[in-house]
2 protein chains.
Amino acid sequence: MQTLSKNQQIIFDLINKSPEPLKAYTILYNVQKKGIKAPLQVYRALDKLVEIGKIHKIESRNAFIACHNSSCQVAKATAFSICEICEKVTEISNDSLSKYLANFKDKDGMKYIKYNLEFFGLCKKCKVK
Amino acid sequence: MQTLSKNQQIIFDLINKSPEPLKAYTILYNVQKKGIKAPLQVYRALDKLVEIGKIHKIESRNAFIACHNSSCQVAKATAFSICEICEKVTEISNDSLSKYLANFKDKDGMKYIKYNLEFFGLCKKCKVK
DNA sequence: TTAAGATTGTTATAATATAACACTATGTAA
DNA sequence: TTACATAGTGTTATATTATAACAATCTTAA
Ligand SMILES: [Zn+2]
Ligand SMILES: [Zn+2]
Ligand SMILES: [Zn+2]
Ligand SMILES: [Zn+2]
C-alpha cells in the first residue's frame with residue numbers, strides 16, 4: 001500500500017468519487033482550485049496512479065477510472081464494459097475471464113505480461129430504450 | 001466487398017504494405033505526394049476503413065494496421081499482441097479466444113456487440129535479448 | 001433527370017500529451 | 001547529521017492527435 005503524494009491524492013480522490021471516467025483536461029479544470037494549474041501536473045499524477053494500479057486508462061476513450069477491484073492484477077490485467085450510448089464504463093471482475101486470458105498463449109510464442117480488454121455494447125438501461 | 005474511393009485506396013495501400021502500424025500523421029506525410037494534404041482527408045479515410053473492417057486501430061498506440069484476418073468479424077472482434085520493446089503488432093486469429101469472448105456474458109446483463117483486446121509482452125526476438 | 005448520399009478539399013481550431021529545465025521534498029545510508 | 005539518490009513539483013513552451021464548419025464534386029439509383 002503506497003502513500004500518495006499531494007497531487008496524486010487530489011487527482012485520485014476526484015477520479016475515485018466520479019461515477020464516470022474522467023478525461024485529463026476535465027480533471028485539470030476540476031483541480032485548478034486546489035492549485036494544480038498545468039496539464040503536466042495532471043498527466044504526471046495520472047501516469048503514477050496507472051502504474052501503481054489505483055486507476056486505469058480506458059484507451060478507447062482517453063479517460064481514467066478508479067480501480068474498484070482491489071484484488072485485481074492492477075495495471076496488468078484489465079477488462080471493461082463500455083456502453084456505446086450512455087458511455088457508462090464498468091470494470092469487469094470475472095475469475096473465468098481473467099484466468100482464461102492470463103493463460104492464453106498464441107502460436108507466435110509471445111510471452112504476455114499484460115492485457116487490456118474493452119467490451120462495447122448497450123447497458124441494461126440503454127438496451128430497453 | 002466494397003470498392004474504395006480514391007483517398008481510401010491510397011491510404012489503405014500504404015497501411016497494407018507497412019510492416020508496422022502507422023500513425024495518422026505519418027500516413028499524412030507519406031501520401032502528400034499523392035495529393036492528400038490535410039489531416040481531415042486522412043482521418044476520414046481511416047474512419048471509413050475502420051468501419052468496413054479493412055484496417056483496425058490499435059487504441060493503445062493511436063496507430064492503424066491492415067486486417068490480415070479475412071474471415072474475422074472485422075471491426076467487431078479484434079485482438080492484438082503488442083511487443084513492448086520493438087512495438088511489433090500482430091493480429092491474433094484464434095478460434096478458441098474469439099469464441100470465448102463472443103460468448104462472454106457478465107453479471108450486469110450487458111449485451112456486447114464488439115470487443116477489442118490488446119495483449120502486451122515481449123515478442124520472440126525481444127525475449128531472448 | 002434528379003435528388004440523396006458519399007466523398008473531397010480547405011481553413012481553422014480543439015483536444016490530448018510531452019519536452020525541457022529549475023527547484024523542492026523525502027527517504028536512506030554512511 | 002550529512003550527503004546522496006529518488007521522487008515529486010512548478011512552469012513555459014510545444015508536439016501530437018483529432019474534429020468543426022462549409023462549399024464543391026462525384027456516384028448511384030429511383
Ligand atoms: Zn482494476
Ligand atoms: Zn447505457
Ligand atoms: Zn482483423
Ligand atoms: Zn519485440
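Naming convention: chains lettered A, B, ... in sequence-line order (proteins, then strands); numbering from 1 in each chain.
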How about A:N30 and A:Q32: does a side-chain donor come under 3.5 Å of a side-chain acceptor?
no
Can you measure B:R61 atom CZ to D:dT16 atom P for me and round it to whole angstrom units?
17 Å
Looking at A:S5, does any N or O in its side chain come under 4.0 Å of the phosphate oxygens OP1/OP2 on D:dT9?
yes
In whole Å, what is the span from the NZ atom of B:K23 to the C1' atom of D:dA15?
11 Å
Report for the helix from C:dT1-D:dA30 to C:dA30-D:dT1: angle between first-end and last-end helix axes, five pairs each, rounded to 10 degrees.
40°
Distance check needed: C:dC23 P versus A:Q41 CD, whole Å only.
17 Å
If Ile, Leu, Val, Met, Phe, Trp and Tyr residues are connected whenever their side-chain heavy atoms lie under 4.5 Å apart, and connections chain through other members, are A:I36 and A:F64 in the same group?
yes
Looking only at side chains, do B:S60 and A:E59 share a donor and an acceptor under 3.5 Å apart?
no
Extract from the structure each pairing of a protein N or O with an N or O of nucleotides 18-25 of chain D at less than 3.5 Å, listing the distance.
residue	atom	partner	partner atom	Å
D:dA18	OP1	B:K57	NZ	2.7
D:dA18	OP2	B:Y43	OH	3.1
D:dA18	N7	B:Y25	OH	2.8
D:dA18	N6	B:Y25	OH	3.1

Taking atom types as modelled, is there a side-chain donor on A:Q9 or A:N7 under 3.5 Å from an acceptor on the other?
no
For B:Q41, give me all partners under side-chain hydrogen bond (donor to acceptor under 3.5 Å, both in side chains), at least two apart in sequence or on another chain.
none
Tell me: CG of A:L49 to P of D:dA7, nearest whole Å?
15 Å
Classify the ring geometry of A:F119 against B:Y112: parallel below 30°, tilted from 30° to 60°, perpendicular beyond 60°.
parallel
Can you tell me the distance, in whole Å, between the CG atom of A:L28 and the P atom of C:dA14?
16 Å
Could you list by number each residue of residues 6-18 of chain A showing a heavy-atom separation from DNA chain D of less than 4.0 Å, or answer none if no residue does?
A:K6, A:N7, A:Q8
In whole angstroms, the gap separating C1' of D:dT17 from CG of B:L22 amounts to 15 Å
B:I27 CD1 to D:dT16 P, in whole Å, measures 15 Å
Apply salt bridge (Lys or Arg N to Asp or Glu O under 4.0 Å) to A:E20 and list each qualifying residue two or more places apart in sequence or on a separate chain.
none
In this structure, would B:F120 and B:I65 fall into the same cluster of hydrophobic residues linked by side-chain contacts under 4.5 Å?
yes
note: B:L4, atom CG; C:dA6, atom P; distance rounded to Å ~ 15 Å
Are A:L97 and A:I82 connected in the hydrophobic side-chain network, where two residues link if heavy atoms are under 4.5 Å apart?
no
Quick one: does A:I15's side chain get under 4.5 Å of A:I27's, heavy atoms only?
yes
Under-4.0 Å side-chain N/O to phosphate OP1/OP2 contact, B:K37 with C:dT10:
yes
Can you sort out the partners of A:R44 under salt bridge (Lys or Arg N to Asp or Glu O under 4.0 Å), two or more places apart, ordered by chain and number?
none
